[in-house]
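Structure first, then comments.
Start at 1 and go down the list; that is how both ligands and their atoms are numbered. From a predicted model like this one, the values you see are computed outputs, not experimental measurements.
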Amino acid sequence: MHGYGVSKGLCYAKVLVLNEEAVVFPVEIGSPEEEEKKFLDAQAAVLEETIRLRDRTNETAGENAADILDVHCSLLKDGGLINPIKEEIAKQTGAALAVERVMNEVIEQFEAMENEYFAQRALDLKDIKDSLIRKILDIEKADISSLPEPTIIAGRDITPSTTAGMDLKMVSGLLMELGGSTSHTAILARTLDIPAVVGVKDLLSTVKTGDMVGFDGETGEIFLGMNEEEIEALKIKIVKQEKERSKWDMLSGRPAVTDDGKRFEIYGNIGTPEDAEKVLDRGGEGIGLFRSEFLYLSSKSLPDEEKQYEAYRKVLEKMGEKPVIVRTLDIGGDKDVPALRLSKEANPFLGLRALRLCRQEEEVFHTQLRALLKASLYGNLKIMFPMVSSMEELLWAKEKLKQCQDELRAEKIPYKEKIEIGIMVEIPAVAVMAECFSKECDFFSIGTNDLTQYTLAVDRGNEKVADLYTYYHPAVIKLIKMAIEGAHKNNIMCGMCGEAAGDPKMIPLLIGMGLDEYSMAASAIPEVKKWMSRLNTEKCKELAEQILKLNKATEVEGMLCKFYIQNNIEAKER
Ligand code: PEP
Ligand code: MG
């Protein structure tokens, strides 16, 4: 079997298939007495499971985390909910459908109330409804928050929020039927250093829970039904891979300097404060992208100012003097946040996403900016706005930041006055207008993941068009060049935090076009540093000139491969 390898590494472990298929309500149902019994049995079983989970959570994560499960227990015993379900069953409705109908009505009432507390209860009720229906219909739901052994998680579409809620110490790999190479699940896997393959056709009809499977997260190959000998060989390769990795890690403390002495800054991309440690371990000299929305994906409620402040402060303190670029919320597209209750859109990547969403949910943006400003005292913070598509948006965001500064000053809450402000260049309009935008900010960071999808009109998460998605496309390369030149016209720094910055083949071209800073998954840092040390900047400039004359993505990739092979051999010979 084959898919797109999106996060490097070999693995071999037992599979757990996530069952997230839509529920089908049975047409044939029993008598009202039988259906009521099914419901009451399910209610008792779910209650028992919830009590057990609450006790375990209390021990492992503390009282606050367990509180939410206490609420679930009370709701499960609430006559105001149980009795209407029984009444619905008495009208000859199947138990599962009765739960669906009655609870949906209550959920809608809660959702209609413009109040954070009731919005939270609506989410709790959805969880309970889901558990009850699955219990009645006897549909297994895998618990991935605590896994007993190393496991490969397989699913049709494993969302970023599902990934964020996994027992990551035990996840050996991810396999998905859907998805492209820069879907956010793929990026999250790379950030977490978990091997992953996406876009695997017929995965779920072939692989079952409990199967032992191996795969290669680089080539996308999946190994099924291996014999003893093949398993042994794969295990030996996995050990070798670990050794190779630690050898590179030992070299990663050195700065990134080309063969002719030009020094570059190599930063890491992170999703949680804990990831900062990995960036330092692999030799990262700063954080070029903190995807702050990942703080929101795994929690059922929006983190308040204090919680966010703690998270930003933790990263800043960990990184000391090193720069930390925090990107404000980039929610929407393929990243949903249940607590915001976003409505479904026909084209979410072209819709209410990132800064656009923040303009509608001003309170959420305001809370984040205040938390960032307060944390700014603890390190070298820079703030970056995502998905900017117009000057109005950038000016609006800057104005909001200024308002928050005024507010804190009036409240006598200290913050750092001088904070650099930057934008992601990930929409073609901004690359084209780069010179204007660079007058209004202190730095750019090119987001090739979105720049590619928006330039080529190819959904980054859709496996059906994954073969059309490539940042080697000459149009994408030209836009990158425009962004760099636009930045330099007004003497601001231009970095890149899209996946292209961690692709060794792209590095000589990016150096040749004048890119200043490179930010990538921590796991990519040692290889990029090693590769940079073998490059000559003049040769890179010549390469860029030749590449900018090409018309096809395949030609661009071909020339970059050739350059990579030739220079690698020359460097080894030297
Ligand atoms: C990008 O678009 O290249 C980027 C870095 O942002 P994200 O992948 O989070 O959209
Ligand atoms: Mg982006």
* How does N269 reach ligand 1, by side chain, by backbone, by both or by neither, if only non-hydrogen atoms under 4.0 Å count? -> neither
* To do: Report yes or no: does E285 contribute a side-chain atom to a donor-acceptor pair with the main-chain N or O of E265 at less than 3.5 Å?
  => no
* E399, CD: over 12 other non-hydrogen atoms inside 6.0 angstrom -> yes
* Asked: Near C497, which atoms of ligand 1 are under 4.0 Å from a heavy atom of that residue?
  -> 5 (C)
* **Shortest protein heavy-atom distance from atom 6 (O) of ligand 1, along with the residue and atom involved** => R327 NH1, 2.9 Å
* Considering the heavy atoms of G447, write down every atom of ligand 1 situated less than 4.0 Å from one of them. => 1 (C), 2 (O), 3 (O)
* Asked: Can you list the steps and then say if F264 with Y518 is a ring-ring contact (aromatic ring centres under 6.0 Å, His included)?
  -> CA-CA 8 Å; F264 289 98; Y518 300 70; 5.6 Å; yes
* To do: Note the single closest protein heavy atom to atom 7 (P) of ligand 1, along with its residue, its atom name and the distance in Å.
  => H184 NE2, 3.2 Å
* Asked: How does R353 reach ligand 1, if at all, at less than 4.0 Å between non-hydrogen atoms: by side chain, backbone, both, or neither?
  -> side chain
* Side-chain ion pair, R327 and E293, N-O less than 4.0 Å -> yes
* Electrostatic pair R353:D450 at N-O distance under 4.0 angstrom -> yes
* Should you measure from each heavy atom of I187, which atoms of ligand 1 turn up under 4.0 Å away? -> 8 (O)
* Interfacing atoms of ligand 1 (cut-off 4.0 Å, heavy-atom, D450) -> 1 (C), 2 (O), 3 (O), 10 (O)
* Using a strict 4.0 Å threshold on nitrogen-to-oxygen distance, state whether K278 and D193 make a salt bridge. => no
* Structure fact -> Nearest heavy atom to atom 5 (C) of ligand 1, choosing from E499, E293, R291, E426, belongs to R291
* Asked: Please state the angle at the Mg ion (ligand 2) spanned by OD2 of D450 and OE1 of E426: what is it, rounded to 10 degrees?
  -> 100°
* Asked: Can a non-hydrogen atom of M496 be found less than 4.0 Å from any atom of ligand 1?
  -> no
* **Interfacing atoms of ligand 1 (cut-off 4.0 Å, heavy-atom, L289)** => 5 (C)
* To do: Please determine if R190 and E499 form a salt bridge, counting it only when a charged side-chain N lies under 4.0 Å from a carboxylate O.
  => yes
* **Cationic tip of K374 above Y415 ring, under 6.0 Å, 45° of axis** => no
* With heavy atoms under 4.0 Å as the rule, classify the contact between R460 and ligand 1 as side chain, backbone, both or neither. => side chain
* Chi angles and distances behind the side chain to side chain donor-acceptor pair (under 3.5 Å) call for Q368, Y296 -> CA-CA 11 Å; Q368 177 167 39; Y296 293 63; 4.8 Å; no
* May I ask you to identify, for L451, whether its side chain, its backbone, both or neither come under 4.0 Å of ligand 1 on a heavy-atom basis? => neither
